[in-house]
Each structure stands twice: as structure tokens, then as C-alpha cells.
Amino acid sequence: LARVLDGLLGFDGHEFYFSSHPELNGKSFEEALYMFPNAVVIGAKTSESNKVIINPDRDFRFGLGDEVVVLAEDEDTYSVDLPTEKELKSWCKDMSYDTGETPVPEPERVLFIGWRRDLDDMIVQLDPYVAKGSELVLFSQQDVKQRIKSMEDGGLNVDVDLQNLTIKHEIGNSISRRHLKRLGLQDFNSVLILADEQLELDVTKMDSRSLTTLLLIRDINHRSILELNGSSGSSGSDESSGSTEEEMKKKSGGAEVKKKLKKSGSKRSVGNHRLDLAEVVDKERWIQDVLKGGVHSHTDDEKVKKKRTPIISEILDPKTKLLIQSGSVSDFVASNELISKALAMVAESLEVAQILRELLSAEGHEVYMRDTQRYLRPGEFLSFYDVTARCRLLNEIFIGYCATGSSEIQLNPSNKRKKRRW
């Protein structure tokens, strides 16, 4: 979802545009969805009130002067291309699919690591998204009394203002393996590593600490999976249960040592240490696998799959983003960059503020990543517009997809009438 938002915000890639077309007069929103092959229609702006409506009701029809809201590469890259009557009938009338019963949301356990001064706002936004009975665990080094005071100063009384969440406090060091293991990381539905306010004046150090926490959590989860699978693994022993940032630095030094060993055979004294080349290469491979998340890919056990926990790390410095992208790390949110992109879009067009306000808050419509099985059967041969019609059965708008085995998000793909296997 962070990658989707990164693609939606700013002026790189696809943006939101408003335009008026005489062909739209009298057309329903359902019909308009299939009239712009090089754009994705997401809403309308009425001429009477200048109000932007995202995903209007099915009975909405465009009037004279109304504008369509689209997601497109540029304002001159899309135009009206009317579908044939047969195509329109198949998408608007004949499309049917048994979507089954809407699953009832279950209570979740969410972990926030670190402390931000605006954490109270994040909690207020999270509360409507989760089911009643969900638990949010706050883990940081800050004293619990200070946390409560900070939230109350921000206007949040957790005993009164929260409808679905209950708050649990844990104190500890986010780069201590022992403290992290104590949390029972496998029991959480999601983990968010926040940029801690204690280091806000040094963004490089803050990002380094966040990524160290990410590496530690991934390794802890990896070892837990190996234990669950009855395997001793090849990642080395877990003798140092209290290891912290220094341990990660030692593990990541394998590449440098490997260079020194390259010309001299399998064993060589480096400094005061006698190292085996296989051991060094193994540690280098370990750090690469953890960075890429590859430590989880070796097992297809369903019990193990259910234990995997999404872990997202917040980073602040754009330079850090470039660095970790080169290491194939995708589990991060560049929060400062997202905010800067949003502000730039609003400065360019105030109308966009109405779209972002709705998409980025719990009220109204939001952006979601859904499993394709919600709309189709695996292996079906359908076009983008066919899947759009399936989504409309659930009153949703299809804006893009991420193919299996890929981290690239395809927003507003071309050839929307071309069928492909899903």
C-alpha cells in the first residue's frame, strides 16, 4: 500500500486530473468507467457545487459542465474512446460473479515500535480501520506516564475516545533482541517501526536504528519459523540472545572480509581473527536474505505461512530510501517524502486536496490491496475492464494490480481491453 501511495502522490508516474467532455453528458458513472482507455475514472466533480465525489452512487449521471476525475499519466495522454454497445452491455449488464459472503473482520493485534509526538493522531486514525476488540501494543523506551500525558495533551483519552482499540504499553529497547523476543512478535497481525522522536534531530541515525530493528525482527521471526518447522536452520546459532545493533554490524561486515579472502584460498587470518570462507559467505548471504525478506521463502508449510507478520519501517531521509531500494527492501514508508509529495500536489491544484483528504483518512473511500480471488478465479482469462466490472459488483473501483512474485505496482495499465491470465 505504501508503494501504491508513493505512485499516486507527487508528479512522477500517474496523477489525478479533472476534465470536462461533452460525450459524458447524460452518461452514468458506470458507463464512464469504460470511456477512457488510457486513464482510470475514479469520480466526478459537479458543476453546481464544485464538490468532488469519489466513487459516486450507481444512479449518478454526468450533467452539462460536470467534470470527470481520472488517474492518468498526464493531462494530454487520455481522451474519450467510446466502447461498442456489445462491450458496454457485457461490462455493465451481463457481468456476474459469486463474490460470496463478505468476511466478518476479526480483532487484530498491532505493534507500534518507537514513539512519535503525533502518535495520538495515528491511533485515532487506526481505530476505525480495525474490528472491535483489537489491541494496539506501544513499545518504546519512554515512560508510560509520559506517554499517557503526551496523548492527553494531543487530545486523546484512550478510555473514552477509542471505540475498537485497547492500548497496551510495553517498555524496552527496540534494538535489543532479548526485549523484542519478549513481545511475542509472531502473535501480531502487523508491526510498524516508527521514527522515534528521541532521535529526530539526526535522521540518518534514526533511519539506521529503524532498519536495525527491522533486521532483528526479521531474524527473530525467521528463527521462530525454523523452530516451528523442526529445523535447526543455517543462519548460525542464537547464543547471543541480548544482541543489539553491534551484532547486526558484525553480520553485515561479511562482504568486506570476503574481499580480503578472495585471493588467498579458503582460510586466512584477518586482523586477529581466523575465518573460514564458507562461514563468511554464509553470513553475507544471511544479511542479503534478511534485507530481501528471502529467509521466509524456503517453506510452503501452511502453518508457517500463517505465522508470517508484515513489518513496515518508517524512514525519513530520501538517501536512505535509495540505499535500501538497491538492497531490494520493500517494507518501508518514506513518510517525509510522502508528505512533501502531497503538499506539492495540493499547491499545484487545490481540488486535489479533496481527493487526498478522502483517500488518506478513515472516512469515505480508501485505497486497498485485495487478493484477486475476491473478484475472480485463479487462471481466468480477463481484461482490465472485465475485472473492473467484477469490482463494480462490490461497489469498488479497480485502479491497478501487483503481479505475483513482483514488487512493481501497475497503476492505470495500458491495453485495458486486452485479456490476460490472472
Side-chain angles (χ1 to χ4, degrees), residues 1 3-8 12-25 27-45 53-56 58 60-62 66-97 99 355 359 365 367-422:
L1 187 57
R3 295 196 299 275
V4 174
L5 294 177
D6 190 47
L8 291 175
D12 296 329
H14 296 82
E15 306 165 41
F16 300 111
Y17 293 100
F18 298 77
S19 57
S20 180
H21 305 268
E23 296 92 340
L24 284 172
N25 190 24
K27 298 290 186 182
S28 68
F29 181 75
E30 301 297 315
E31 293 173 301
L33 286 169
Y34 310 104
M35 292 173 58
F36 298 88
N38 294 317
V40 175
V41 177
I42 66 166
K45 178 187 173 186
I53 307 172
I54 304 298
N55 191 12
R58 290 181 178 274
F60 176 88
R61 288 190 176 273
F62 286 87
D66 288 349
E67 294 180 277
V68 64
V69 184
V70 303
L71 179 67
E73 188 174 354
D74 210 338
E75 58 186 349
D76 60 357
T77 59
Y78 68 97
S79 59
V80 174
D81 183 2
L82 295 173
T84 65
E85 289 187 13
K86 182 179 179 181
E87 286 177 327
L88 197 59
K89 184 175 182 292
S90 69
W91 293 324
C92 293
K93 297 179 181 179
D94 293 346
M95 182 60 67
S96 63
Y97 179 70
T99 57
I355 300 175
L359 295 182
H365 296 85
V367 181
Y368 289 97
M369 297 288 286
R370 304 284 199 195
D371 192 299
T372 54
Q373 293 186 41
R374 178 179 171 90
Y375 315 101
L376 50 87
R377 289 172 286 276
E380 277 198 273
F381 208 63
L382 301 171
S383 69
F384 182 90
Y385 279 152
D386 291 334
V387 181
T388 295
R390 295 276 181 87
C391 292
R392 295 309 295 158
L393 297 174
L394 296 169
N395 200 33
E396 298 172 358
I397 299 175
F398 183 34
I399 65 172
Y401 62 90
C402 179
T404 303
S406 172
S407 61
E408 184 178 358
I409 304 294
Q410 299 286 342
L411 292 175
N412 180 31
S414 57
N415 298 323
K416 292 183 174 61
R417 289 185 173 93
K418 183 179 180 181
K419 295 183 182 293
R420 65 180 293 270
R421 193 172 300 281
W422 297 82

H365: side chain to side chain contact (heavy atoms under 4.5 Å, CB included) partners, not counting sequence neighbours:
I54, N55, E358

Please lay out, stage by stage, how L411 and I399 fare under the test side chain to side chain contact (heavy atoms under 4.5 Å, CB included).
CA-CA 6 Å; L411 292 175; I399 65 172; 4.1 Å; yes

Counting C-beta onward and ignoring hydrogens, is there a side-chain heavy-atom pair between I42 and F16 closer than 4.5 Å?
yes

Salt bridge (Lys or Arg N to Asp or Glu O under 4.0 Å) filter on K45, not counting sequence neighbours, yields E67, E351

List for me each residue that meets ring pair (Phe, Tyr, Trp, His ring centres under 6.0 Å) alongside F29, sequence neighbours excluded, and say none if there are none.
none

Spacing of CZ belonging to F36 relative to CG belonging to L82, to within rounding of 0.5 Å
9.0 Å

One thing to verify: whether E380 and K419 come together as a salt bridge, which I'm taking to mean a side-chain N less than 4.0 angstrom from a carboxylate O.
no

Of all residues at least two apart in sequence or in a different chain, which pass the side chain to side chain donor-acceptor pair (under 3.5 Å) check with Y78?
S19

Using the salt bridge (Lys or Arg N to Asp or Glu O under 4.0 Å) rule, collect all pairs that involve residues 400-417, keeping only residues at least two apart or in two chains.
D81-R417, E87-R417

What residues form a ring pair (Phe, Tyr, Trp, His ring centres under 6.0 Å) with F384, not counting sequence neighbours?
F398

Sole residue of L88, V80, V68 in side chain to side chain contact (heavy atoms under 4.5 Å, CB included) with M35
V80

Any side-chain heavy-atom pair from V69 and I355 closer than 4.5 angstrom?
yes

What closest approach, in Å, do Y401 and P413 show between heavy atoms, and which atom pair accounts for it?
CE2-CG, 3.9 Å

For Y17, enumerate each residue passing the ring pair (Phe, Tyr, Trp, His ring centres under 6.0 Å) test, keeping only those at least two apart in sequence or located in another chain.
none

What residues, two or more places apart in sequence or in another chain, satisfy side chain to side chain donor-acceptor pair (under 3.5 Å) together with S383?
D386

Between N412 (side chain) and N38 (backbone), is there a donor-acceptor pair under 3.5 Å?
yes

Check whether any side-chain heavy atom of L8 lies under 4.5 Å from a side-chain heavy atom of H14, and answer yes or no.
no

Inspect the surroundings of CG in D12 and state if more than 12 heavy atoms from other residues, nucleotides or ligands are less than 6.0 Å away.
no

For T77, enumerate each residue passing the side chain to side chain contact (heavy atoms under 4.5 Å, CB included) test, keeping only those at least two apart in sequence or located in another chain.
A72, E73, D74

What pair of heavy atoms forms the shortest contact from P83 to W91, and how long is it?
CB-CZ3, 3.9 Å

Start with the C-alpha gap between L376 and R390, add the side-chain angles, then the distance that decides, and say whether side chain to side chain contact (heavy atoms under 4.5 Å, CB included) holds.
CA-CA 8 Å; L376 50 87; R390 295 276 181 87; 3.6 Å; yes

Should P37 and Y385 count as side-chain neighbours, where that means a heavy-atom distance under 4.5 Å?
yes

Contacts of E396 that satisfy side chain to side chain donor-acceptor pair (under 3.5 Å) - sequence neighbours left out:
R374, Y375

How far does OG of S20 sit from CG of D66, to the nearest 0.5 angstrom?
7.5 Å

Test ring pair (Phe, Tyr, Trp, His ring centres under 6.0 Å) applied to W422 and F381, step by step
CA-CA 7 Å; W422 297 82; F381 208 63; over 10 Å; no

Holding to side chain to side chain donor-acceptor pair (under 3.5 Å), I want the full list of residues that pass it with N25, two or more places apart in sequence or in another chain.
none

Which residue pairs satisfy the salt bridge (Lys or Arg N to Asp or Glu O under 4.0 Å) criterion with at least one member in residues 28-38, sequence neighbours excluded?
E30-R58, E30-R392, E31-R61

Does the gap between the ring centers of F62 and H21 come in under 6.0 Å?
no

